[in-house]
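Have a look at the structure below, then the notes.
Since this is a predicted model, take the numbers as computed values, not measurements. Worth knowing before you read on, the calculation uses all heavy atoms, side chains too, and leaves out hydrogens, waters and symmetry mates. The chains referred to below are lettered A, B, ... by the order of the sequence lines, with proteins before strands, and numbering in each begins at 1.
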2 protein chains.
Amino acid sequence: MLWSGWGDPAKAAELPAPVRRLLGEALGVREPAVPAATFGEVRLNASTLPPGVLTLLAAVVGADHVRSDDDARIRHTRGKSTPDLLLMRAGDGSDAPDAVVLPGSHQQVVEVLGVCAAHRVAVVPFGGGTSVVGGLVASRRGFAGVVALDLARLNRLVSADPVSMIAEMEPGLRAPQAEQLLAGHGLTLGHFPQSYEYATLGGFAAARSSGQASAGYGRFDDMVAGMTVATPRGTLDLGRAPRSAAGPDLRQVILGSEGAFGVITSLRLRVHRAPSLRVYEGWRFGGFAAGTAAMRRLAQEEAGPTVLRLSDETETMIGLAKPAELGASSESGCLMVAGYEGEPGDVAYRRERAAKALAEAGGVCLGPEPGEAWARGRYSAPYLRDSLLAAGATVETLETACFWSGLPRLYDAVRLALTGSLGSPLVMCHVSHVYATGASLYFTVVTAQAPDPLGQWAAAKRAASEAILRAGGTISHHHGVGRDHREAYAVEIGDLGGEILRGIKERLDPEGILNPGVLIP
Amino acid sequence: MLWSGWGDPAKAAELPAPVRRLLGEALGVREPAVPAATFGEVRLNASTLPPGVLTLLAAVVGADHVRSDDDARIRHTRGKSTPDLLLMRAGDGSDAPDAVVLPGSHQQVVEVLGVCAAHRVAVVPFGGGTSVVGGLVASRRGFAGVVALDLARLNRLVSADPVSMIAEMEPGLRAPQAEQLLAGHGLTLGHFPQSYEYATLGGFAAARSSGQASAGYGRFDDMVAGMTVATPRGTLDLGRAPRSAAGPDLRQVILGSEGAFGVITSLRLRVHRAPSLRVYEGWRFGGFAAGTAAMRRLAQEEAGPTVLRLSDETETMIGLAKPAELGASSESGCLMVAGYEGEPGDVAYRRERAAKALAEAGGVCLGPEPGEAWARGRYSAPYLRDSLLAAGATVETLETACFWSGLPRLYDAVRLALTGSLGSPLVMCHVSHVYATGASLYFTVVTAQAPDPLGQWAAAKRAASEAILRAGGTISHHHGVGRDHREAYAVEIGDLGGEILRGIKERLDPEGILNPGVLIP
């Protein structure tokens, strides 16, 4: 993973000439005066860890698995939000952990937490490092130091149960590794978020990830049948049955806890037979309202595509649903991608039923080409962001969700807030997760970098967050809370919601060493 | 509701002569020597409420809505488990609340909790009074008295949103009232547990109820999009979107909290268009293993009946799936009921697909008659229990769930434990809730009453609970925890699971007045 941007540098996306022209002419984007810092130019603070702590940690995980070199520290600094990237491009490594610890077992995680609790060292659980909400920066206040707990060595498929259709997998597995291991058993998880190529199973669970095929396979939290969690107070083992009436669902307390309650060391996950057929196709709707009405109908009739995604007029015009064709589109209306995965007979039935509903709702089928173009480019948007940042644009995404009847108001409110804050940005939106009762909205914003791009985005983000809260949306449908959404989250759940979280935190992590400053209001 | 048994006394079920003969000959059941106590013979303790508390409560809800007469106290004593009924039949009213308070609004509930917290009065939220796990008996230790908070006056359909397919409803609505109000909008909840005729929406949510059509409409906790909760610390309002990545799902903390964290005063519930067609039919399988394998296939292929239920060989032989024909059956193998509700085209497709899978799995279709017989008798088993108790039998149910691969072992373990404890009881079982990864098991036990029927059942229940825990099942799939399962529940969730609950409790209910002794280990 590129330390200052996304993914494999060899796959860097060159901006097409028409896009560069468009950026300059329509948005006033100019190449930045100062080039991005090189790796060697990143400024790190000296470690503040008390002497002896590294020795104690090495005694638990082995000396090879405790690293405090600059390379390890820089590669575990923050996540992949646009502010994170802007700071790294400016050579700011001030949020680097003092050391990186790589445990090899659940028991080692428990012991590491014990050492850190005893010495007041903050611990940041680290999976793929793909947080876009500041989930990987612990507050140092009151702590002797900060270590990143990198779970990369916990990367086994422990077992696959083809009767219960459950696989036990470790949290450090990146999604493609997990899919490859499951493919050996003819199975799939079906979880394909945009971060797919780098994110880990533990991160999906801790941050309540939702993938592009959520309409078919469900969200990641739907997939978690059971889990083992290491806390500073010991081990928590949850999930004896698919569902239970034995009290609150405690799995749902750990899911979304972003490392603040404990470290997930094992997941029992619902798996599916790998589909023998995948079909993605495009549909055009006259407008966003007509397209969302069609999606709602599909969601409420459970006439289930596996993938369902609708771009608004602007995103359709820019062609963002098909990144390889960015800026080349002269399409009007709104592009919908509907995908079906499964056995041929099942795919045929669902496709026919959905097609009938979509046509009745005013959709025009565009055939497979737009669907396949979407599928080809589905993981490439983060590469595009690096190129746009380098070209002098501020580009970022944000997302929310609400019930269907509130969706038009929420859409308008967020667009208005972004436009009000940024002047005349390009604001694009799509719906990519639908439920019987509501849906998500995912916004992409592009504007010319101001002299202080961090301040520029912070103001826009604040305006958007306030608009989301006022319009009754949730502050995040699938990115999480982290540090960036913590204030808005406190408003969303109210004082007593915060009390619930603090009550749990106090019992599982009395010294407060786990990801301090993240999530808990 | 009959104070000492179930439902409408006019609907009391007469035991057919062959059943009486069977009870006597096969199980040695003899008519009890002592007749059941009459209403007037029930012994109540004097109220321990401090003077002035009733006046304060009356100032909040109105004098007409605070009752401390014997009738109100007896009718709010305990729930409807077999031990509850045995105690009432013995004239034991010692668990009666000191008074019954009927608030008329959310604000009144908040104020009642304030008065009770200030005066250390325990509060038992009371809906339909149908708990079968001792969820309605508060511990008096450390409290000045106990009041039942009857939510019957919170019985409105507040709003129906046909766009989001969400209805806001109050917790005191009994399920048939709720369905009737929704029917006025062409809508249904689709929640039909055996307690349907008396249980309330608030109780369904607080105890994580699951209905007979869970395969089609989901569990009650699946239906809760949002909720308002009154606590001694104020109001909690949860649910801005169908799903969110903004932290743990706090709705899932209140669902299943059994009145120990707060009182649910409003529910935003997912609703469906009322189905235009309902078809229930019977299938016969050679054995329980073959039948459960067929269910698993349907659940994993999502080839969805709305109702799916399989009786084991004993339950099939006794005819318990069709209570009106009890004891008259000479059927062999295992009876499955598969039901489909929806629009005709959809029903036809699902039925055809499921029928193909069931036939391939060795099932023989018996046509609609057994399905319709099940549907006719679906709420009558609790009446039957009253008649069996009166005839001198000990009869009770218990239930659990686990993942598919553990189901055969769990089934054997529970049967063995019950048989070991009770000598030679009749033990029947059915599966009535299926998921992709597992299923529930529901046992009905009939045996001759021992001289101490309470002690007899307590021992059998303890043996069954220990067997469930050892075999890896959950202590309850849909009845809840209450007082009866509290010890087993503590083992199930472990020390840290208990810490989570105590941490939440401490923050929302610092004086511990809410349902003390229930749920929280």
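Residues that satisfy the side chain to side chain donor-acceptor pair (under 3.5 Å) test with B:Glu352, not counting sequence neighbours, are absent from this structure.
With a threshold of 4.5 angstrom between heavy atoms, A:Ile493 approaches chain B through its backbone and through its side chain. Using a 4.5 Å cut-off between heavy atoms, A:Phe403 touches chain B through backbone and side chain atoms alike.
Distance alone, capped at 3.5 Å, places no donor-acceptor pair between the A:Arg233 side chain and the B:Glu499 backbone. In this structure a side-chain-to-backbone donor-acceptor pair under 3.5 Å is missing from A:Arg507 to B:Gly497.
Contact count versus chain B (heavy atoms, under 4.5 Å) is highest, among A:Val253, A:Ile520, A:Leu407, A:Val271, for A:Val253. With chain B as partner, the option from A:Gly503, A:Gly256, A:Gly494, A:Pro242 having the largest number of non-hydrogen pairs under 4.5 angstrom is A:Pro242. Of the listed residues A:Val481, A:Thr437, A:Leu255, the one with more heavy-atom pairs under 4.5 angstrom with chain B than any other is A:Thr437. With respect to chain B, the highest number of heavy-atom pairs below 4.5 Å among A:Thr400, A:Leu508, A:Ile475 belongs to A:Leu508.
Sorted by first and then second residue, the side-chain hydrogen bond (donor to acceptor under 3.5 Å, both in side chains) pairs with a member in residues 489-498 of chain A read A:Thr474-A:Glu492; sequence neighbours excluded.
Side-chain atoms of A:Glu301 and B:Glu343, non-hydrogen and from C-beta on, never get closer than 4.5 Å to each other. Using a 4.5 Å cut-off on side-chain heavy atoms (C-beta onward), B:Pro248 and A:Leu501 make contact. Within the 4.5 Å cutoff, side-chain heavy atoms of A:Leu250 are placed close to those of B:Ile500.
At most 12 heavy atoms of other shown residues, nucleotides or ligands fall within 6.0 angstrom of atom CD in A:Glu487.
Shown here for B:Arg219 and A:Ala245, the closest heavy-atom pair between the two residues is NH2-N, 4.0 Å. Looking at every heavy atom in both residues, A:Gly247 comes nearest to B:Arg208 through O-NE, 3.1 Å.
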